[in-house]
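The basis for the numbers below is simple: all heavy atoms, side chains too, and nothing from hydrogens, waters or symmetry mates. Throughout, numbering of the chain's residues begins at 1 and tracks the sequence. Note that this is a predicted model, so its numbers are computed, not measured.
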Amino acid sequence: MSDNLRGSLFMVLAMCGFAIEDMFLKRVAGAGMPVGQVLILFGGGGMLAFMALARAQGQAIWHPAVVQPRMLVKAAFEVTGRLFYTLAIAYTALSSASAILQATPLVVVAGAALIFGESVGWRRWAAILAGLGGVLVILRPGLEGFSAASILAVIGLLGFAGRDLATRAAPKVLSNFQLGIYGFAAMVPTGAVLLIWQGGAQVPDGAQVAQLVAAVLIGVYAYWALTLAMRTGEVSVVTPFRYTRLVFALILGVLVFGERPDALTLIGSAIVVGAGIYTLLGTRRQVLRRAAN
C-alpha cells in the first residue's frame, strides 16, 4: 500500500470519527443538557486525554510558548469555532451544519492569500466564490426554508478557518498533542461562561456520560488519524478526502435523527465540495510547478 493510499484511508477514518463525535454531542444536547455544560465536559475530557498522550510521549503539559500572542489568537479562533459549531449541531440539522463546515478549506485558502500573501490565481478565486455561493444555497437567505440558527454554523466555520490559519504561525516547538491540550482546555471556561448565561445545569445520566465519553475517545482517535494522514501521504492528495465527513454526516443525520436533506441542501453541498476539491487540486498543481522549476 502506497503512502498516499494509506494517508487517504486514515483521512477517511478521521472524518468518519469526527462525524460520529458530532452525532454523540448532538444527542447529548438534544437530551436536554445545556450546550455550555456539554462544552465543559467534552473540553475537559479531551484535555485530559491529550495530557495523557503527551505524557506518554515524554512531552511537557505546559510550555511557555502557549502564552505567545499567536497562540492566544489561535485559542480565540478555536473557541469561536468549537462554540458556534457545537451550537449549530445542537440547534440545526447535522447534515446542513456539516455541509456549511465543508467551506472551511476555501476560507483558509482565501485567508492564506490575503494574510500570508500566497499566490491564488483567478480560477481558484472563482472556485472560492462559487463555494461560498454554495453555502448561500444551503442557507437560502430570504427564502421560506431559511433558519437563522444556520448562521451559527457559518460563524463556526470562520472560527475553524481562523484556527487553521493561526496554526500555520504557531510556534514549532509545540507538538500536536500539546496543541490538542490547549485547544480543548479553552473550551472549559468558554462553556462555563455560556452555562452561566444559559443556566439549567444538570447531573448527567448514564446514557449521557457514556455518549460524552464516546465523543471524547472518538474525537481524540479522529485527531490522531488526521495527524497521521497529513504526515503519511502528500497533503495535496489526502486533503480532498476531508469532504467524506459530509457523506458520513448525511448518513448519520438520516439514520439517527431522521433528517431529510432537501434538494437545495444537496445542491449547495455539491457546489461546496466541488469548489473545494477544485481549489485543492489547483494548489497541488501550483506546488508541482514550483518543484519543477
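- Connection of Leu53 to Leu174 is established within a shared hydrophobic cluster, with ILVMFWY side chains joined at heavy-atom distances below 4.5 Å, either directly or through further cluster members.
- Residue Ser8 comes nearest to Val238 through the heavy atom pair N-CG1, 3.6 Å, listed as atom of the first residue, atom of the second, then distance.
- Proximity of a side-chain donor or acceptor of Gln102 to a complementary backbone N or O of Ala99 within less than 3.5 Å is not detected.
- Within the 4.5 Å cutoff, the side chain of Phe77 has no heavy atoms near those of the Leu165 side chain.
- A donor-acceptor contact shorter than 3.5 Å is absent between the side chain of Arg27 and the backbone of Leu25.
- Counting only heavy atoms from C-beta outward, the side chains of Leu48 and Met51 approach each other to under 4.5 Å.
- Scanning all heavy atoms of the two residues, the minimum distance from Ala65 to Val173 falls at CB-CG2, 4.0 Å.
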I would like to know whether Trp197 and Val193 meet side chain to side chain contact (heavy atoms under 4.5 Å, CB included); could you show each step before the answer? CA-CA 6 Å; Trp197 178 67; Val193 173; 5.9 Å; no

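- Under the 4.5 Å side-chain contact rule for hydrophobic residues, Ile20 and Val256 share a cluster.
- The line from CE of Met187 to CG of Leu41 is 10.0 Å long, rounded to the nearest 0.5 Å.
- Note that CD of Glu21 and CG of Leu217 are 11.0 Å apart. Values are rounded to the nearest 0.5 Å.
- Distance CG/Leu139 to CD1/Ile151: 5.0 Å, rounded to 0.5 Å.
- Panel note: side chain Gln202, backbone Gly32; a donor-acceptor pair is recorded below 3.5 Å.
- Proximity of the aromatic rings of Phe42 and Phe184 is defined here by a centroid distance below 6.0 angstrom, and this criterion is met.
- To the nearest 0.5 Å, atom CZ of residue Arg123 and atom CD1 of residue Ile128 are 14.0 Å apart.
- Counting heavy atoms from C-beta outward, Leu246 and Ser269 have side chains that approach closer than 4.5 Å.
- Closest heavy-atom contact between Ala49 and Val220: CB-CG2, 3.6 Å.
- Counting only heavy atoms from C-beta outward, the side chains of Ile218 and Met23 never approach each other to under 4.5 Å.
- At least one side-chain heavy atom of Tyr182 sits less than 4.5 Å from a side-chain heavy atom of His63.
- More than 12 heavy atoms of other residues, nucleotides or ligands shown are found within 6.0 angstrom of CZ on Phe248.
- Taking every heavy atom of both residues into account, Tyr85 and Ala97 meet most closely at CE1-O, 3.7 Å.
- Side chain of Glu259 to main chain of Ser95: a donor-acceptor pair is present (N/O by atom type, distance under 3.5 Å, no hydrogens or angles).
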Verify side chain to side chain contact (heavy atoms under 4.5 Å, CB included) between Val107 and Phe160, making sure each step is shown before the conclusion. CA-CA 9 Å; Val107 179; Phe160 284 134; over 6 Å; no

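- The ring pair (Phe, Tyr, Trp, His ring centres under 6.0 Å) test with Tyr223 singles out one residue from Phe10, Phe50, Phe177, and that residue is Phe50.
- Scanning all heavy atoms of the two residues, the minimum distance from Glu78 to Gly183 falls at CG-O, 3.8 Å.
- Separating the OG1 atom in Thr244 from the CZ atom in Phe18 is a distance of 11.0 Å, to the nearest 0.5 Å.
- Listed for the Ser98 side chain is no donor-acceptor partner under 3.5 Å among the backbone atoms of Leu94.
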Report the C-alpha separation of Leu9 and Arg6 in whole Å, then their side-chain angles, then the decisive distance to 0.1 Å, and conclude whether the side chain to side chain contact (heavy atoms under 4.5 Å, CB included) test is met. CA-CA 5 Å; Leu9 289 175; Arg6 189 159 48 246; 5.7 Å; no

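- In this structure a side-chain-to-backbone donor-acceptor pair under 3.5 Å is present from Gln198 to Gly36.
- The main-chain N or O of Leu101 is found under 3.5 Å from a side-chain atom of Thr104 such that the two form a donor-acceptor pair.
- Looking at Thr86, Leu83, Thr80 one by one, the single match for side-chain contact (heavy atoms from CB on, under 4.5 Å) with Thr190 turns out to be Leu83.
- Linking Ile, Leu, Val, Met, Phe, Trp and Tyr residues whenever their side-chain heavy atoms come within less than 4.5 Å places Met15 and Phe241 in a single cluster.
- Linking Ile, Leu, Val, Met, Phe, Trp and Tyr whenever their side-chain heavy atoms come within less than 4.5 Å leaves Val66 and Val188 in two separate clusters.
- Checking side-chain atoms of Lys26 against main-chain N and O of Ala88 turns up no donor-acceptor pair under 3.5 Å.
- Taking every heavy atom of both residues into account, Ala229 and Gly7 meet most closely at CB-O, 3.2 Å.
- Contact of the Val67 side chain with the Trp62 side chain is registered, since non-hydrogen atoms from C-beta on lie closer than 4.5 Å.
- Residue Ile40 holds its CD1 atom at 5.0 Å from CG of Leu195, rounded to the nearest 0.5 Å.
- Cluster annotation: Trp125 and Leu106 are assigned to the same hydrophobic cluster (Ile/Leu/Val/Met/Phe/Trp/Tyr, side-chain heavy-atom contacts under 4.5 Å, transitive).
- Although no hydrogens or angles enter the test, the distance criterion places a donor-acceptor pair under 3.5 Å between the side chain of Gln178 and the main chain of Ala60.
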Please determine whether side chain to side chain contact (heavy atoms under 4.5 Å, CB included) holds for the pair Arg242 and Leu226, giving the CA-CA distance in whole Å, both sets of side-chain angles, and the decisive distance to 0.1 Å. CA-CA 9 Å; Arg242 282 179 176 266; Leu226 174 62; 3.9 Å; yes

